[in-house]
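We're numbering straight along the sequence, starting at 1. The model shown is predicted, which means the values in this text are computed figures rather than measured ones. Read the numbers this way: they start at 1 and go in the same order the structure lists the ligands and their atoms.
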Amino acid sequence: MTFDQQALPHVGDLVIGILGGTGDQGRGLSYRFARAGLRVLIGSRSSERGEAAARDVAALPGVTGEVTGAGNADVAQAADVAIVTVPWDGHAETVAALREPLAGKIVVDCVNPLGFDERGPYAVRVAEGSAAEQTAALLPSSRVCAAFHHVSAVVLADPTVERVDLDVLVLGDDREAVAVVLALAGTIDGVRGVHAGRLRNAGQVEALTANLIVINRRYKTHAGLRITNL
Ligand SMILES: NC(=O)c1ccc[n+]([C@@H]2O[C@H](COP(=O)([O-])OP(=O)(O)OC[C@H]3O[C@@H](n4cnc5c(N)ncnc54)[C@H](OP(=O)(O)O)[C@@H]3O)[C@@H](O)[C@H]2O)c1
């Protein structure tokens, strides 16, 4: 199958929940999905912070989708697709606490387990192999995918950026769930979702973010990835 031939599902009616969506990455993704007309729920450990972030995002230029905020559990309950955008430090605890509301749902992990020291960023070893596989282990009844690791929150949140110039690598073992996430990535102007394999290959995708951060620092930019000949 060529890239153009792939049939992707319609995702315009899905409710997208962003868990830990009050941070840079969550706000950036919320903005882009709301700009695409999707309904977005911004989750937080505090419903007030979720609501405040939602008001901020809803006021940004070009937003046509409804954006509301709530606590993470309520967002997980109401979402069709939930995206985990918390720091690695809070990852396992956050995901484990949402096992029930996330049962049966597509859960997208974009968490990069990274450490930083005086020599710069580095990939942290994860017992399960990756953050996404940790999520899959903690949420056995959810349809876990991994995506959006390499998108710069700064670019996503910049209203002057009309087209986000990069490919989003999507990984997962559930082909139908992967197709939904590919389509979701494609709702962001300029972005292509690219199927990049099973969840067991998520570790190196997450780790590659350390290299991108080094590139960003060295060349003072917000670099993204493109897969060529596709
Ligand atoms: N920033 C980027 O450009 C980027 C790009 C790709 C992927 N990512 C990944 O996306 C994730 C979020 O990045 P970010 O820069 O948005 O992070 P962040 O701003 O530090 O955190 C995001 C949100 O997570 C919540 N949070 C913080 N500590 C927590 C904890 N211990 N337990 C549960 N929730 C906690 C906070 O929301 P409340 O206090 O409201 O609950 C916070 O606003 C990271 O795993 C990162 O690897 C980031």
Side-chain angles (χ1 to χ4, degrees), residues 16-33 40-57 67-76 82-99 102 107-116 120-124 126 128 130-135 138 144-158 161 164-171 181 184-185 188 191 193 202-217 221-225:
I16 312 302
I18 313 285
L19 305 170
T22 55
D24 292 342
Q25 178 71 345
R27 283 172 185 257
L29 287 172
S30 297
Y31 175 44
R32 290 293 156 175
F33 294 136
V40 179
L41 309 176
I42 297 186
S44 167
R45 289 169 295 182
S46 135
S47 55
E48 289 78 16
R49 281 201 296 278
E51 288 161 9
R55 281 194 296 276
D56 292 347
V57 171
V67 187
T68 53
N72 282 326
D74 288 339
V75 166
I83 306 182
V84 183
T85 63
V86 296
W88 170 238
D89 280 352
H91 182 259
E93 190 187 344
T94 303
V95 169
L98 299 171
R99 181 191 293 227
L102 291 175
V107 177
V108 185
D109 204 299
C110 78
V111 170
N112 296 309
L114 300 179
F116 294 85
Y122 62 94
V124 168
V126 178
E128 296 85 349
S130 63
E133 288 166 285
Q134 182 180 83
T135 294
L138 291 168
V144 178
C145 295
F148 302 112
H149 305 88
H150 305 141
V151 292
S152 157
V154 175
V155 172
L156 291 175
D158 182 347
V161 175
V164 178
D165 181 20
L166 87 162
D167 289 338
V168 164
L169 303 184
V170 180
L171 300 97
V181 181
L184 190 60
I188 302 175
V191 169
Q204 56 268 32
V205 172
E206 296 171 1
L208 185 62
T209 306
N211 305 78
L212 281 175
I213 292 171
V214 172
I215 291 167
N216 288 341
R217 289 180 176 178
T221 187
H222 301 289
L225 285 183

May I have a table of the N/O to N/O pairs between ligand 1 and the protein that fall below 3.5 Å, each row giving the two atom names and the distance to 0.1 Å?
from: ligand 1; atom 1: 3 (O); to: Ala153; atom 2: N; distance (Å): 3.0
from: ligand 1; atom 1: 16 (O); to: Asp24; atom 2: N; distance (Å): 3.1
from: ligand 1; atom 1: 16 (O); to: Gln25; atom 2: N; distance (Å): 2.9
from: ligand 1; atom 1: 26 (N); to: Arg45; atom 2: NH2; distance (Å): 3.3
from: ligand 1; atom 1: 37 (O); to: Thr22; atom 2: OG1; distance (Å): 2.8
from: ligand 1; atom 1: 39 (O); to: Arg45; atom 2: NH2; distance (Å): 2.8
from: ligand 1; atom 1: 39 (O); to: Arg49; atom 2: NE; distance (Å): 3.2
from: ligand 1; atom 1: 39 (O); to: Arg49; atom 2: NH2; distance (Å): 3.0
from: ligand 1; atom 1: 40 (O); to: Thr22; atom 2: OG1; distance (Å): 2.6
from: ligand 1; atom 1: 40 (O); to: Ser44; atom 2: OG; distance (Å): 2.5
from: ligand 1; atom 1: 40 (O); to: Arg49; atom 2: NE; distance (Å): 3.1
from: ligand 1; atom 1: 41 (O); to: Ser44; atom 2: OG; distance (Å): 3.4
from: ligand 1; atom 1: 41 (O); to: Arg45; atom 2: N; distance (Å): 2.8
from: ligand 1; atom 1: 41 (O); to: Arg45; atom 2: NE; distance (Å): 3.0
from: ligand 1; atom 1: 43 (O); to: Thr22; atom 2: OG1; distance (Å): 2.7
from: ligand 1; atom 1: 43 (O); to: Gly23; atom 2: N; distance (Å): 3.2
from: ligand 1; atom 1: 45 (O); to: Val86; atom 2: O; distance (Å): 2.7
from: ligand 1; atom 1: 47 (O); to: Asn112; atom 2: N; distance (Å): 3.0

**Report entry** Reference residue Thr135; test side-chain contact (heavy atoms from CB on, under 4.5 Å); the match among Val95, Thr94, Val111
**Finding:** Val95

Query raised in the report: With Val57, which of Thr22, Ile42, Thr68 fulfils side-chain contact (heavy atoms from CB on, under 4.5 Å)?
Result: Ile42

**Report entry** Heavy-atom closest contact (Ala54 atom, Gly69 atom, distance)
**Finding:** CB-N, 3.4 Å

Query raised in the report: Which atom names give the shortest non-hydrogen contact between Ile18 and Ser30, and what distance separates them?
Result: CG1-OG, 3.4 Å

Query - Side-chain heavy atoms of Val205 within contact of His150, under 4.5 Å - result: yes

**Report entry** Val154 backbone acceptor or donor facing Asp24 side chain under 3.5 Å
**Finding:** no

